[in-house]
Amino acid sequence: MQFDILKHDAQTSARAGKISTAHGTFNTPIFMPVGTLGSVKGVHQSELVKDIDAPIILGNTYHLFLRPGIETLQKAGGLHKFIGWNRSILTDSGGYQVFSLSDKRKVKEEGVVFQSHIDGTRYTFTPENVMDVQRIIGADIMMAFDECTPYPCDIKYARNSMELTHRWLDRCVKRFKETEPLYGHEQSLFPIVQGSVYNDLRKISAEKIAAADCEGNAIGGLSVGEPAEMMYEMIETVNNILPVNKPRYLMGVGMPVNILEAIARGIDMFDCVIPTRNGRNGMLFTMDGIINIKNLKWKEDFSPIDEHGTTHVDLAYSKAYLRHLIISTEILGAQIATIHNLGFYLRLVRTAREHIMNDSFATWKNSMVKKLATRL
RNA sequence: GUGGUUGUAGUUCAGUUGGUUAGAACGUCUGAUUGUGGUUCAGAAGGUCGUGGGUUCGAACCCCAUCAUCCACC
């Protein structure tokens, strides 16, 4: 993997860059649509390319491990071939799922014992086997196995958890170096900063993660319920320590406003379920603000979904029709809303990048922050 | 026409021997949702208890009439 910074913003810590993987080159900052099970829910791969122009999507180790399973993925020749996607893929390690889905999980030094949410079968994830699974998936970017602490979380728990994540990182790196890609293309490993909302812990963690000297770095354990200001403070603390010349990935973020604020603080990569999951439930994002398409006020609004939108659904269908589809839980409603929202998110980061390149990012961001949070 | 059944929220239904402000589910309306279980959670609005009388301190509940409904029989 290659990362080049083309431009540093003069007034903020924002940067415009370029990442190259074995499956293509793309600009940063970037938003990566979430495709947990090898599918961005409701969106064809062709639409991701033509309409949304997403150069990289996420897969999830936990979910893919349970279904279809590593044997099938290996026989398929990896996830790219399995799903017909020749652009980049990043896989989350499953640390977050173990924290969010499994109430009966047991975190031990060796790894995590958890039960499948599908059939209750007991499995153990270790740093080693999570690396092995991501080798089999064949993601361009693999994530280290971490423990994502909840919020609130007392400092003692946060410290112990962070230290465990650090020990797991050493094991991840070791396994990563001992193993080879299976399908002839290069793979990278990103470690993850933890430390909850404690500046002291975040500093320690960022130093540990920087010292691992991987090709890119991630910040985890945020956007789990803490106030946004606290999240921004943690990003600043961490980004003061993480190397400038490597991509920084803020995991699980967020609302459009969060993304702009994080870009201003030096983040290059994002993923989040909001444009997809909230889209399926009627939340639409526009440059003028947020629409809850289920609201009665749109019932007879026959104007286009987004007259400034760039995807084919934006002008093709009316708000009233989309409202009808979402309220009736028609599959097409979820598809249209998702395509619109992902189109918006990718356009948002592309526009942010243009402003970084043109030295107009700070003023543009400040004007957008108010607009984007408006409820229409 | 005769005998019976059932009428309670937009819909389907609870509602104790008559006892404070008549409940639920779904639907509707409003929020929430941040490294995805095609969700989930929270809140709100909405009823002259078919109608009119009567009994009673007090009626969705008991009595009479009437209207509607469905069933059976002529």
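A note on names: the letters A, B, ... follow the listed sequences, proteins ahead of strands, and every chain is numbered from 1.
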Q. Is the A:F302-A:Y321 ring centre distance short of 6.0 angstrom?
A. no

What's the closest nucleotide to the [X] side chain, out of [options]?
X	options	value
A:V253	B:rU30, B:rG35, B:rU34	B:rU34
A:D271	B:rU34, B:rG35, B:rG38	B:rG35
A:H117	B:rG37, B:rG38, B:rU34	B:rG37

May I ask you to say what [X] touches in the nucleic acid, namely base, sugar-phosphate or nothing, with a heavy-atom cut-off under 4.0 Å?
X	value
A:Q335	nothing
A:I259	nothing
A:I331	base
A:G221	base
A:R375	sugar-phosphate
A:L90	nothing
A:N281	base
A:D146	base

Rounded distance in Å between the [atom1] positions of [N] and [M]:
N	M	atom1	answer
B:rU56	B:rU16	P	23 Å
B:rG23	B:rA9	C1'	10 Å
B:rG3	B:rU8	C1'	26 Å
B:rA24	B:rC64	P	34 Å
B:rG53	B:rA59	C1'	14 Å

**Q.** Distance-only donor-acceptor test, A:N292 side-chain atoms vs B:rG31 base atoms, 3.5 Å
**A.** no

Carboxylate-amine/guanidinium contact [X] [Y], below 4.0 Å:
X	Y	value
A:E354	A:R350	no
A:D301	A:R323	no
A:E236	A:R265	yes

Q: Find which nucleotide of RNA chain B each of A:L58 and A:R323 is nearest to by heavy atoms, and output the residue with the more 5' nucleotide.
A: A:R323

Q: Find which nucleotide of RNA chain B each of A:E330 and A:S93 is nearest to by heavy atoms, and output the residue with the more 5' nucleotide.
A: A:S93

**Q.** Value in whole Å for how far the C1' atom of B:rU34 lies from CD1 of A:I235
**A.** 12 Å

Q. Tell me: CG of A:N258 to P of B:rU34, nearest whole Å?
A. 11 Å

**Q.** Check: A:D92/A:Y62 side-chain N/O donor and acceptor closer than 3.5 Å
**A.** no

**Q.** Among A:E47, A:H340, A:K50, side-chain contact (heavy atoms from CB on, under 4.5 Å) partner for A:H312
**A.** A:E47

